[in-house]
A.B. asks: 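Got a structure for you, written out below as structure tokens; questions coming shortly.
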Amino acid sequence: MNVNLISDTFTIPSKEMLNSMMEAKVGDDVFKEDPTLNKLEERVAKLFGKQAGLFFPSGTMSNQVAIKIHTQPGDQLICDHYSHIYHYEGGGVSFNSGVSCRLVEGSRGLLNKDQIEEVINPSDFYHSPPTTLVSLENTSNKGGGACYNLETLRSISLLCKKKNISIHLDGARIWNAMIATNTNAIDYGKLFDTISVCFSKGLGCPIGSMLLGSTETIKKAIRFRKVLGGGMRQVGYIAAAANYALDNNIIDLVKDHEKAIELGSVLKNLSYVDLVQPIDTNIIIFSLKAECNENDFIKILEKNNIRLIQLGKGKIRMVTHRDYTNEQHQYTMKILSNLKF
Ligand SMILES: *Cc1c(COP(=O)(O)O)cnc(C)c1O
């Protein structure tokens with residue numbers, strides 16, 4: 001038994017997915033001549049009700065290009081203090097766009113309209129950086145997979161329109177949010193200027209993200225993607241994996257969420273666990289009692305062939321995914337329950 005709960009990025013393409021990749025018709029995407037990718041970009045854009053889509057090798061590059069499009073050097077964007085764009089994209093916001101982040105302390109990575117309105121710099125006050133972008137994350141990674149409700153998103157989107165500020169969604173795990181809140185892609189498309197989605201998280205693809213937006217926006221995105229070195233050639237092989245995942249794998253996220261809830265219930269009953277954060281999707285964040293050492297805990301689990309990671313500040317994370325099987329799940333719950341610590 002080899003259990004990996006570190007991230008939903010550890011999944012390996014299934015045989016069926018690999019077969020569909022092998023059969024893909026391909027061309028040179030730098031010339032926009034890859035038929036499989038062209039179809040995928042159209043498909044996902046339509047799914048979200050956007051005019052166009054552009055494939056990216058990573059969600060980081062897709063987010064970074066969106067930020068570049070919506071801002072000018074010296075501008076400021078607003079995001080939650082847990083945001084991936086702030087913590088985990090190598091400082092790209094300042095490196096690529098020359099933009100600062102106004103961090104807001106939301107609830108589990110989620111912001112509301114009032115919190116955002118409060119920190120928008122007045123456009124006529126030249127002492128402060130112009131606020132030109134609000135970037136939200138759904139689900140919130142560092143927030144433990146927390147999901148927005150559509151009402152909150154609607155009110156934030158309306159505020160941005162009123163203030164003439166662009167709004168971007170980092171939807172790396174939007175598929176999980178859609179399953180958990182029973183919402184549709186189209187609901188989100190209406191509310192954001194750009195949306196970045198990933199195929200390489202819960203959906204089980206080896207590689208791939210996509211930026212969605214208006215025709216005009218995606219035209220700009222092609223240029224910035226090229227600048228960053230993200231123009232690729234026979235992408236259809238990877239696009240075929242995403243097509244396969246969209247056809248077959250979204251519904252399976254339900255199982256990941258169920259397993260996460262079950263793991264959470266087991267953790268709550270353990271004497272050495274202090275707090276288990278609410279579980280909305282496939283991410284479980286918990287902490288141990290003060291007298292317990294997280295490093296030791298993780299080492300003991302590793303000895304039992306179960307891998308997970310620390311998030312710092314005493315937090316430990318587990319992420320369920322499609323390669324975390326029922327058998328592994330039963331095994332993990334047994335090991336956790338019996339662990340003397
Ligand atoms: C994983 C992730 C990304 C993109 O990550 P890449 O590894 O660059 O594909 C972006 N945002 C969030 C919230 C993520 O969890």
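We count ligands from 1, going down the list as the structure has it; atoms in each ligand are counted the same way. Excluded from the calculations below are hydrogen atoms, water molecules and symmetry mates; all remaining heavy atoms, backbone and side chain alike, are included.
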A.B. asks: Mark up the atoms of ligand 1 that fall under 4.0 Å of a heavy atom belonging to Ser58, in ascending order.
C.D. replies: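 Per the distance check, 8 (O), 9 (O).
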A.B. asks: Does Arg154 pair with Glu151 as a salt bridge, N-O distance under 4.0 Å?
C.D. replies: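 Glu151 and Arg154: salt-bridged.
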A.B. asks: Of Ser140, Gly59, Pro57, which has the heavy atom at the shortest distance from atom 9 (O) of ligand 1?
C.D. replies: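 It is Gly59 whose heavy atom sits nearest to atom 9 (O) of ligand 1.
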A.B. asks: Give a yes or no on whether the ring-centroid distance for Tyr82 and His87 is below 6.0 angstrom.
C.D. replies: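 No - the distance between ring centres of Tyr82 and His87 does not fall below the 6.0 Å cut-off.
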A.B. asks: Is Lys201 touching ligand 1 with its side chain, its backbone, both, or neither, if touching means heavy atoms under 4.0 Å apart?
C.D. replies: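 It is the side chain that touches ligand 1; the backbone stays farther off.
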A.B. asks: Output yes when the distance from some N or O of ligand 1 to some N or O of Asn141 is under 3.5 Å, and no in every other case.
C.D. replies: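 Right, the criterion is met.
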A.B. asks: Find all atoms of ligand 1 within a distance of less than 4.0 Å from any non-hydrogen atom belonging to Glu137, and give their numbers and elements.
C.D. replies: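 Checking each atom against Glu137, I get 13 (C).
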A.B. asks: What atoms of ligand 1 come closer than 4.0 angstrom to any heavy atom of Asn63?
C.D. replies: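 So the atoms of ligand 1 that pass are 10 (C), 11 (N).
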A.B. asks: Which heavy-atom pair separates Ser140 from Gly143 by the least distance, and what is that distance?
C.D. replies: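 Minimum heavy-atom contact is OG-N, 2.9 Å.
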A.B. asks: On the 0 to 90° scale, with breaks at 30° and 60°, tag the His168-His70 ring pair as parallel, tilted or perpendicular.
C.D. replies: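 Because their plane-to-plane angle lies in the 30° to 60° range, the rings of His168 and His70 count as tilted.
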A.B. asks: Does the side chain of Ser196 pick up a donor-acceptor pair with the side chain of Ser62 at under 3.5 Å?
C.D. replies: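 Yes, Ser62 and Ser196 have a side-chain donor paired with an acceptor closer than 3.5 Å.
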A.B. asks: In this structure, which one of Leu267, Leu263, Ile279 forms a side-chain contact (heavy atoms from CB on, under 4.5 Å) with Phe286?
C.D. replies: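 The single option meeting the side-chain contact (heavy atoms from CB on, under 4.5 Å) with Phe286 is Leu267.
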A.B. asks: Any atom of ligand 1 sitting under 4.0 Å from a heavy atom of Arg173?
C.D. replies: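 It does; at least one heavy atom falls under 4.0 Å.
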A.B. asks: Considering only protein heavy atoms, which is closest to atom 7 (O) of ligand 1, and at what distance to one decimal place?
C.D. replies: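 Looking at atom 7 (O) of ligand 1, the protein heavy atom closest to it is Thr60 OG1, 4.5 Å.
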A.B. asks: Would one find an N or O of Asp170, backbone or side chain, under 3.5 Å from an N or O of ligand 1?
C.D. replies: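 Min N/O separation from ligand 1 is below 3.5 Å for Asp170.
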A.B. asks: Between Arg173 and Asp256 (salt bridge meaning N to carboxylate O under 4.0 Å), is one present in this structure?
C.D. replies: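 No.
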